[in-house]
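One structure below.
Basis for what follows: all heavy atoms, side chains included, without hydrogens, waters or symmetry-related copies. The structure presented is a predicted model; accordingly, all values stated were derived computationally and were not measured. Lettering follows sequence order; numbering is per chain, from 1.
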Amino acid sequence: METLQREIAETSVFEDDLPFDAATVCGGDRDDDTVTDDAQTSLADATDSGDGAADATGEPPLVAGVDQAFVDDHAVSAVVCLRGGAVVERVYAVEPVAIPYIPGLLSFREGTAILSAFDALSREPDVALVDGSGRIHFREAGIATHVGVTLDLPTVGVAKNLLCGTPRESLDRKLPRGSRVAIEADADVETAEPGTRIGDAVQTRQFENSDRYVNPLIVSPGHRVSADTAADVVLACADGYKLPEPTRLADAYADEVKAEVRENLG
DNA sequence: GCGACAG
DNA sequence: ATCTTGTCGC
C-alpha cells in the first residue's frame with residue numbers, strides 16, 4: 001500500500017491544471033459588509049489557466065463535495081455537485097470496508113466507496129473537495145490525491161485536523177476569517193524536502209463577538225491543483241459555515257442515506 | 001519501547 | 001468516523 005502511495009504521489013500534479021478560475025466558483029464566499037474588512041479578496045486575476053471550459057461559457061464550474069458515513073462494516077459515500085451554489089446532482093454508493101482506520105492508509109478504507117459513488121455520477125465535476133488530506137500526508141498521497149490521480153480529476157483535500165507537517169505559525173489562536181497559514185513538510189513527510197509548503201490551514205469562519213475561536217480547516221492539493229488555488233476554492237465555497245458548501249451538503253446527505261441503509265442491513 | 005496520527 | 005443531552009451564543 002505504501003508503495004502504491006509513492007507511485008500515486010509521483011503521478012500527482014500539485015500545480016494548477018483546472019478548467020476554471022477559483023474566482024468564478026461563487027455560490028458562497030461570505031462578503032459581510034460588516035466592518036474591519038478590506039484587506040484581501042482581490043487575489044483572483046492573471047490566473048488564466050488557458051482553456052477554460054467553464055469560463056468559456058461564462059458558466060460557473062461544477063464543484064463536487066465528497067464525504068462518508070459508516071454503518072457497521074459498510075461505508076456510505078455521498079457526492080453532491082453544485083454549480084453557482086445550486087445543487088445539480090447527488091449520488092451515493094455503499095461498499096463494505098476492507099481495512100480498519102489506519103492513519104496514512106485512509107484511502108484504502110474509503111476509496112472503494114468513493115470511486116463507486118463517482119461511477120454513479122452522470123457528470124464530470126470540474127473539481128472535487130474530498131474529506132481528508134491530499135498532499136498533507138506521510139507520502140504526499142492522502143485520500144484526495146489518491147482519488148484525484150485515479151480519476152485524473154482535479155481534487156482538493158479538506159480536513160478538520162492536521163495529519164502531519166508543521167504550521168508556519170501557531171494555529172492555537174484566533175485567526176481572522178479568510179486567513180491562511182502555510183503547512184510545511186517536516187521529518188514526518190518522507191517524500192518531500194523539509195520546509196516544502198504542502199498545504200494550508202484555512203480560516204473559513206470565525207466568531208465575531210466571542211472570546212472563543214473556530215479551528216481552521218486543513219486544506220491541501222489533491223491533484224492538478226496548487227496550494228493557493230486549493231485554499232481559494234475552499235474559501236469561495238464557504239457560505240457561513242466552517243465547512244465549504246459541497247462538503248457540508250455531502251456530509252448531510254451521507255448521514256441521510258446512512259439512516260436508510262442501516263435498516264437494509266440490520 | 002515511546003510518541004503521533006485525516007476519517 | 002461513531003455513540004449522545006443539554007446548553008451556550010447569535
Whole angstrom is fine here: how far is it from [atom1] in [X] over to [atom2] in [N]?
X	N	atom1	atom2	result
A:Tyr213	C:dC10	OH	C1'	20 Å
A:Leu163	C:dA1	CG	C1'	15 Å
A:Asp73	C:dT2	CG	P	14 Å
A:Arg109	B:dA6	CZ	P	13 Å
A:Phe70	C:dT2	CZ	C1'	10 Å
A:Glu110	C:dT2	CD	C1'	13 Å
A:Asn161	B:dA4	CG	P	15 Å
A:Gln68	C:dT2	CD	P	10 Å

Any base atoms under 4.0 Å from [X], or only sugar-phosphate, or nothing? Heavy atoms, all strands.
X	value
A:Gly157	nothing
A:Asp188	nothing
A:Leu105	base
A:Ile218	nothing
A:Phe138	base

Practice item. Check the geometry between A:Tyr101 and B:dG7 and answer yes if their rings are stacked (centres below 5.5 Å, planes below 30°), otherwise no. Key: yes

Exercise for review: Check whether any side-chain N or O of A:Lys258 sits under 4.0 Å from OP1 or OP2 of C:dT2, and answer yes or no.
Suggested key: yes

By nearest atom, which of the nucleotides [options] is closest to the [X] side chain?
X	options	value
A:Asp255	C:dT2, B:dG7, B:dA6	C:dT2
A:Ala69	C:dT2, B:dC5, C:dA1	C:dT2
A:Arg262	C:dC3, C:dT2, B:dC5	C:dC3

Point to revise | Salt-bridge criterion met for A:Lys160 and A:Asp131 (N-O under 4.0 Å) | key: no

Review point. Would you call A:Asp255 and A:Lys258 a salt bridge, taking side-chain N to carboxylate O under 4.0 Å as the test?
Key: yes

Review point. With A:Pro61, which of A:Leu82, A:Asp126, A:Asp21, A:Val233 fulfils side-chain contact (heavy atoms from CB on, under 4.5 Å)?
Key: A:Asp126

Exercise for review: Would you mind telling me which residue lines up with the more 5' stretch of DNA chain C, A:Asn209 or A:Asp67, judged by nearest nucleotide?
Suggested key: A:Asp67

